[in-house]
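Read the numbers this way: they start at 1 and go in the same order the structure lists the ligands and their atoms. On a predicted model such as this, the values are computed, not experimentally measured, just so you know.
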Amino acid sequence: MAKTTKPKSTVKTDKTPVDLLTLKQASAEYARLQVEIAAHDKRYYQDDRPSVSDAEYDELRKRYNAIEAKFPHLRTLESLSMKVGAAPARGFRKVRHAVPMLSLDNAFAEEDVVEFVGRIRRFLKLTEDEPIAFSAEPKIDGLSMSLRYENGDLVTAATRGDGQEGEDVTANIRTLKQVPQYLKGKHIPPVLEVRGEVYMTKADFLKLNERQKAADDTIFANPRNSAAGSLRQKDPTVTASRPLGFFAYAWGEISEMPADTQSGMIAWFEKCGFTTNPLTRLCHSVEELIAFHRKIGEERSHLDYDIDGVVYKVDRLDWQERLGFVSRTPRWAIAHKFPAEKATTVLKDIEIQVGRTGALTPVGKLEPVGVGGVIVQNVSLHNEDYIKGTDNNGESLREGRDIRIGDTLVIQRAGDVIPQVVDVVLDKRPKSAKPYKFPTECPVCGSEAVREHDAATGRPDSVRRCTGGFICRAQAVEHLKLFASRRAFDIDGLGEKQIELFHEKGWVKEPADIFTLERKHKKELLEEEGYGDTSVRNLFDAINSRREIGLDRFSYALGIRHIGDTTALSLARGYSAWKAFHDAALKVAKGDAEAIAEMDALDQIGDTVIEATADYFKEKRNLAAIERLAKEVNVLDAEKPKRDTAVAGKTVVFTGALEKFTRDEAKATAERLGAKVSGSVSKKTDYVVAGPGAGSKLAEAQKHGVQVLSEDEWLALIGG
Ligand code: IVH
């Protein structure tokens with residue numbers, strides 16, 4: 001590259017010849033040079049302010065290339081050799097987690113903790129006097145990170161993302177002092193993923209916001225957001241300038257276990273060079289756990305970093321293994337949250353938003369108020385019954401007091417995140433305040449908005465919906481937003497603002513139009529303000545890179561009512577291929593009893609999803625839109641869970657009084673190994689596992705010629 005100016009240099013290069021560098025030295029220098037060269041590129045290409053001469057720049061680049069040539073395994077997708085010139089600002093590469101990054105179930109009250117410990121005892125069949133040790137740890141309010149080390153070297157750092165797939169932030173993470181580039185110690189497993197929390201201290205957060213304000217730049221709402229914002233920088237030198245810490249507390253893939261307890265793992269992390277939280281303690285009873293919660297709660301405001309609760313984890317790893325997971329959370333751990341902070345403010349207005357499914361959602365516009373360190377201006381008022389104070393689904397905490405514009409409200413952040421109305425201060429109600437009249441017409445398209453009746457209870461649905469369907473702009477736009485969102489097609493650069501603009505222009509009316517945008521509207525898009533060559537290229541690249549999509553994401557992206565990402569995953573696993581799902585859904589829409597029974601048999605699928613699928617696939621316009629979309633994308637078959645086990649794909653029934661394991665444990669293990677557990681025996685059953693006292697199910701098994709196994713035979717089959 002030709003540089004035209006020659007400002008003063010600040011560059012120092014390591015003089016050791018590349019041939020004499022040890023792997024450790026080479027890796028450190030390679031990472032350092034990468035950050036440094038990227039910073040020069042940015043100054044040159046983006047800021048037009050080069051800070052080194054051409055010759056000095058070339059020196060750096062030469063050395064970088066020489067190191068890479070000698071140690072090719074150091075190269076990652078972040079390497080400069082993988083980029084042409086200075087990579088324009090674009091999204092981060094996606095990384096699939098070898099072991100999913102899951103979340104924790106929450107406890108708010110002490111009874112929840114008692115129940116948590118009781119559940120563990122029952123599951124493991126432990127007596128009341130058998131001690132259980134728990135690792136009790138502060139719950140750091142930052143963002144979780146997975147650090148992958150191969151032969152002791154940091155190779156990838158990935159954010160949690162949706163738990164299955166995160167973003168590659170390796171270059172940025174390398175700038176954190178508390179993240180070792182290489183691990184200390186002798187017995188480092190060849191593959192090791194260390195997980196923990198990246199955070200910013202409260203003091204650094206305040207300082208950063210002052211700097212941001214002075215520069216008229218983004219103000220962060222809390223330390224967590226500022227840590228996230230600092231980490232998701234395209235330019236690692238920006239991350240390097242933001243002080244971020246890291247506490248290690250968990251792991252993902254690991255080729256050899258160095259300890260057999262959670263506390264042992266934490267002590268081992270320290271030995272490897274990580275920082276772990278100094279407040280972590282071992283507790284041996286519910287009383288000790290609660291005392292820990294209380295003590296940390298008292299210390300909370302004096303801590304230098306934000307925490308939103310404490311986490312209790314069963315210390316023995318063999319017990320953790322047996323306890324396993326329920327959907328996305330472990331049975332062996334729980335987050336005991338701190339109570340939410342409250343504040344009082346005035347309701348200035350109620351705005352009605354129309355969602356993807358036509359639901360009219362009232363949003364309270366508040367006089368801005370600080371709650372738990374965050375400024376709150378909006379609060380969801382859920383639905384019209386909630387506003388009246390008569391809803392009976394447990395949402396309302398106000399015992400019948402209605403909400404009126406002009407009212408003074410008590411607000412809290414539920415789970416320290418979502419603002420919620422706790423109470424209405426009636427003494428402060430203005431005389432002129434009138435009960436709120438919920439609209440019966442869609443504020444976006446003017447169509448009638450109705451409350452459907454629940455066929456089972458005969459009661460009106462809590463939600464009022466716009467009946468405009470396709471003609472309602474709000475519904476179309478909200479569906480497109482879902483379609484491009486993180487858990488669906490995840491198209492970088494196609495956010496809410498862009499979708500609104502493209503829809504308003506008439507360029508993108510339905511999902512297929514996203515993929516024809518380049519062919520049909522590139523010229524017009526380039527004429528739009530703020531859409532230069534680079535950003536338009538990036539957008540089209542992002543769109544084109546998602547033309548291959550997994551069946552789970554694809555089914556979720558269709559926006560069928562009641563099909564969230566978990567349900568979509570079940571459908572994808574159940575049908576494996578898009579054609580199979582599509583054909584089955586068409587049959588379901590026609591009322592085909594066999595197709596309905598087949599869908600019903602899938603994990604997590606019941607009447608609600610079946611009805612919603614039928615409604616969706618009955619609609620000719622949906623079918624036409626899907627057909628257009630299917631021409632643009634290639635839907636990949638779903639991965640089947642653990643295919644290589646002896647019981648994968650088999651249907652198993654457990655019966656009798658099991659002695660070797662509890663019923664829940666048996667079910668969880670079987671499912672983990674890819675089997676389907678059923679409650680009744682039919683000719684489709686592959687195995688009946690019978691404990692003592694098995695009765696009618698055993699007889700059924702014999703009738704259908706199903707193989708009956710003892711508990712030991714079952715254990716032998718699954719490998720103990
Ligand atoms: S353990 C399988 N330990 O809380 C669960 N998480 O709500 C692994 N967090 O995503 C997580 N401090 O970001 C664990 N000491 C701690 C934690 C912690 C904070 C966060 C983490 C996780 C979230 C779950």
Legend entry - Ring centroid separation Phe274 to Tyr149 under 6.0 Å: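 Yes, the ring of Phe274 comes within the 6.0 Å limit of the ring of Tyr149, centre to centre.
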Inset, instruction - Kindly say whether the aromatic ring centers of Tyr305 and Phe247 come within a distance under 6.0 Å. - result: yes
How far is [atom] from the closest protein heavy atom, and which atom is that?
{"atom": "atom 5 (C) of ligand 1", "value": "Leu104 CD2, 3.7 Å"}
{"atom": "atom 12 (N) of ligand 1", "value": "Ile140 N, 3.1 Å"}
{"atom": "atom 9 (N) of ligand 1", "value": "Tyr249 OH, 3.4 Å"}
{"atom": "atom 3 (N) of ligand 1", "value": "Lys313 NZ, 2.9 Å"}
{"atom": "atom 10 (O) of ligand 1", "value": "Ser144 OG, 3.6 Å"}
{"atom": "atom 8 (C) of ligand 1", "value": "Leu102 O, 4.3 Å"}
{"atom": "atom 23 (C) of ligand 1", "value": "Lys139 NZ, 4.0 Å"}

Inset, instruction - Given salt bridge (Lys or Arg N to Asp or Glu O under 4.0 Å), test Arg224 with Asp141 step by step and report yes or no. - result: CA-CA 6 Å; Arg224 197 175 63 80; Asp141 198 5; 3.6 Å; yes
Inset, instruction - State whether the number of non-hydrogen atoms from other residues, nucleotides or ligands found under 6.0 Å of Lys125 atom NZ is greater than 12. - result: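 Atom NZ in Lys125 is crowded, with more than 12 foreign heavy atoms closer than 6.0 Å.
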Legend entry - Polar atom proximity, Ser103 to ligand 1 (N or O, under 3.5 Å):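 No.
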Legend entry - Nitrogen or oxygen atoms of Glu197 and ligand 1 under 3.5 Å apart: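 Yes, at least one N or O pair falls under 3.5 Å.
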May I ask you to list the atoms of ligand 1 that are less than 4.0 angstrom from any heavy atom of [X]?
{"X": "Pro138", "value": "12 (N), 15 (N)"}
{"X": "Glu137", "value": "3 (N), 15 (N), 16 (C)"}
{"X": "Pro330", "value": "2 (C)"}

Legend entry - Minimum-distance pair of heavy atoms, taken over all atoms of Val314 and Gln262: O-CB, 4.3 Å
Legend entry - Pair Thr276-Glu270, side chain to side chain donor-acceptor pair (under 3.5 Å): steps then yes or no: CA-CA 6 Å; Thr276 61; Glu270 280 276 340; 2.7 Å; yes
Inset, instruction - State the CD1-SG distance between Ile132 and Cys283, to the nearest 0.5 angstrom. - result: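 Reported to 0.5 Å precision, the distance equals 12.5 Å.
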Inset, instruction - State plainly whether the residues Arg486 and Glu167 are in salt-bridge range, i.e. N to O under 4.0 Å. - result: no
